[in-house]
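Report on the following structure.
Every chain is numbered from 1 and lettered A, B, ... according to where its sequence line falls, protein lines coming before strand lines. For the numbers below, each heavy atom of this structure counts, side chains included, while hydrogens, waters and symmetry mates do not.
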Amino acid sequence: MTAPAPGASPDGATIGRSATVPGRGTGPGDPGAGRGVGVPERPGLEGLEAKWSARWEADGTYRFDRRAERADVFSIDTPPPTVSGTLHIGHVFSYTHTDTVARFQRMRGKAVFYPMGWDDNGLPTERRVQNFYGVRCDPSLPFDPGFEPPARPPTPALAVSRPNFVQLCERLTAADEQAFETLWRTLGLSVDWGLAYATIDEGARRASQRSFVRALARGEVYQQTAPTLWDVDFATAVSQAELEDRERPGAYHRLRFEGHGGGPAVEIETTRPELLPACVALVAHPDDGRYAPLFGASVRTPLFGTVVPVLAHPQADPEKGSGIAMVCTFGDTTDVVWWRELGLPTRTVVGRDGRLEPVAWGSPGWETEDPAGAAAHYAGLVGRTVRQAQAAIVEQLEAAGALVGPPRPITHPVKFYERGERPLEIVSSRQWFVRTLDLRERLLERGEELRWHPPYMAQRYRSWVEGLSADWNISRQRFFGVPIPLWYPLGTDGAIDFGHPLSPAEDRLPVDPSTDVPDGYRPEQRNEPGGFVGDPDVMDTWATSSLTPQIAGRWGHDEDLFARVFPMDVRPQAHDIIRTWLFTTVVRAEQEAGSLPWSDVAISGWVLDPDRKKMSKSKGNVVTPLPLLERHGADSVRYWAASGRPGTDTAVDEGQMKVGRRLAIKVLNASKFALGRLEGGGVPPLSAVSEPLDRHMLRRLATVVEEATGALEAYEYTTALERAETFFWVFCDDYLELVKSRAYGGPDAGRPGGPTLSARAALAAALSVQLRLLAPFLPYVTEEAWSWWQEGSVHRATWPGPADLALAPGADPAEDVLDVAAEVLGAVRRAKTAAKRSMRARVARLEVLDRSGRLDALRAARADLVDAGGIQELVLTETEGGGDVQVVLAVD
RNA sequence: GGGCGCUUAGCUCAGCUGGUCAGAGCAGCUGCCUUACAAGCAGCAGGUCGUCGGUUCGAGUCCGGCAGCGCCCACCA
């Protein structure tokens, strides 16, 4: 695939600018097909990031070739980081993993589609904007085109219109995104910045709304007024995927319900006595002998005198509490199940602000045997938070003698919105849902089809899908998000007709129903009887993020591009968002395309702080990457990151970064040495390699190439790095030492077929291959060293393969010459160290006793060994048993 | 309650389909200005591979029980 450099003469002793394709380096078996060799006097790490990242940008080194067919494309569904402040070291960790694979695939000849997205849509941004500018969104206010936020955040927060609020969100995230990009460029991510997107930008809004409108047409989304998980602080619905259990103290309160119509009294236990006014039934297990006689009977609630039935349901647990539960609308999700399955009435007391609402006792739905008493008791609760109401009602119950014994403190799991601070309530509201329950079997199959790295992560997806209990609620009562692209007709009486939503034509997208007008209506008909009203809600942030492959691939906007990249090759992501991002992306691709969104998913672990604790803002142990990059350099930080295997949590380890730095410096120095031997003489071809030591070294390298390639294909970047690195140190410590003298050469250094030329050719081939092997991990130093003697970027060079190391046929000793010679050299070093002598000390006599095969190998490297060890007399003695090396140092 | 992962030298971790597998790096210690590298180089020392049992001629390596740590899922009154 690579034409020989035009200036190259047959023996390779050439210098001349090659005419290779721009950005494309050498081909196999052609280690130096570029240009002259020029090595700096004192190579160093400083400044490499600035120098090369600018160069890569200028040269378009990582630009996606959109002419490539799908089979030649490697497409990455890059996670869009949340733009709500600063990146932490965990981002650097996982994005480096992806980058190593991206670089590998690029060098293998793939057109790599590697976009970057910014997740600026959603609650984290709203929150940051509120704090940063001291504002709050009031959707009832009109847009103020000239609005500028105060210089300092005012208290209380300034109310602004929704469009003004969104503008502030956009302004702040733009600044954040710039800072993020700078960091990514410093780290050396090989992203094509021309493909950047944001989850709130026009393309993302278009894709989200298009997907919604189409799903609506296919019946895959529906609206429903139903009990909904509700965060009272954020005043929005949340989905099952955003739930999190937290252990909280609580107490069992034992309440006595008097029998109604002559039945016996019943005692129940509840952790939420404040919901007593919302009680609609008692429930026990059908097989529970204690309560079976009561099924069908009724009891009276204490304080409120509501008559409620005693019913049977298998989900009641006889072991729990008194074995019979109070069903309220709604205390928890079990209440919802009972309410639905037993067809119970609704009596809501907790409002959307988390406070108890007024109730008309005695009116329909609120029947009671004692309206005045109920109202009197309830008056003490209205307007209070659930917490305050609980304290109040417990006092009332106690006074009424309905509380049996003192409350029994317990610790129990309570459901929270993952970003929330107070327990979730369940309120009835109108929301849009995506049908996921119907799709469960299909989604499980897709999970099996997907290739997981590491494989055991598939279990997490499986558990989640199997445990789905509700469809996906995608509407949020928030502001900075993609609007639900619908309007509703208003009846002549002004009532909203939710049953006939007005959906925009696809070519109108994206729309904002709060400013745009549905087809067939005029602007002045907004909110007027007989007119229309816009849906006030936005979509869940995951409803947009679940479309990242479609957004990045410009689905619906550039179908040619989309066809070349979708379904994508890999989704890299962390394990904590399998149930959200991964799951919802699979749902969307299944519904829209009937396929997986990607063939592989690479799950990265988390970064733990140096004490192996999970990093979190509240603990204050979050490590920011910039100081680390400045202190150690990008390659060093990348080296540390690449040492974390897929799926494995890894601690921040500056020691490991120092090791990386050492490796990076070593790459420069070893390159300097090897290329120093080529200066003036040019790069000899591989065919000049004749010495057995050189041949064995290259053979071993060929094995390393094979292993590293296989590992990277399987996303095992850590293994690839480890193999390349281990070989590289042997290459430096043993091979270079052994071959050094010969490589410098004597009078006949340039003789074709001679040992010096063999060494130089082997050095060139080995260096060329190793720089390419290490390029995905250490992009800066490898590029720097590559630039000393090669044309084009190492990152566009061809990934090394067998052709790079194909040796002419020849008879070599059976034993690995490098191994045996290095072992003997080691013994010599040991002797010198033990005698506290310099490595330069001469060896008067070296006797090696060993099997004949190993001695044969040694003979093949005899001159190298003698030079490297400073050996005056070398005696090789054949023995039957184990080998031995005797070293007699010369006297100074 | 169900499930997953981890448990190998002081630290961080490799050890694939069972038989040079008891390893690497860091830290520690001892030395060395060696013409690629003193932000280097050479070398030394360090572990009954969590625990109990099983399979096998042979087990960090396979199977089962247990323990500790971390995590996922769960209808948690």
Under 4.0 Å between a side-chain N or O of [X] and OP1 or OP2 of [N]?
X        : N     : result
A:His412 : B:A77 : yes
A:Arg840 : B:U34 : yes
A:Lys666 : B:C41 : yes
A:Arg462 : B:C73 : no
A:Gln240 : B:A74 : yes
A:Arg837 : B:C33 : no
A:Arg830 : B:C44 : yes
A:Arg645 : B:G15 : yes

Mark up nucleotides 18-24 of chain B, 5' to 3', with B wherever a protein heavy atom is under 4.0 angstrom from a base atom, S wherever such an atom reaches only the sugar-phosphate, and - elsewhere. -------

Choosing from [options], which nucleotide comes nearest the side chain of [X]?
X        : options             : result
A:Arg460 : B:C73, B:A39, B:C72 : B:C72
A:Gln459 : B:A42, B:G3, B:C37  : B:G3
A:Tyr456 : B:G5, B:A77, B:A42  : B:G5

Just call it for A:Asp245: base, sugar-phosphate, or nothing, with non-hydrogen atoms closer than 4.0 Å on any strand. base

Give A:Arg661 one of three labels, base, sugar-phosphate or nothing, depending on what nucleic acid heavy atoms sit under 4.0 Å from its own. base

One pair to check against salt bridge (charged side-chain N to carboxylate O under 4.0 Å, His left out): A:Glu274 and A:Arg387. What are the steps and the verdict? CA-CA 8 Å; A:Glu274 71 275 17; A:Arg387 213 187 150 92; over 6 Å; no

Could you pull out the closest heavy-atom pair between A:Ser671 and A:Val667, with the gap in Å? OG-O, 2.6 Å

Side-chain donor-acceptor contact under 3.5 Å, A:Thr726 with A:Glu722: yes

P gap between B:C66 and B:G60, integer Å: 22 Å

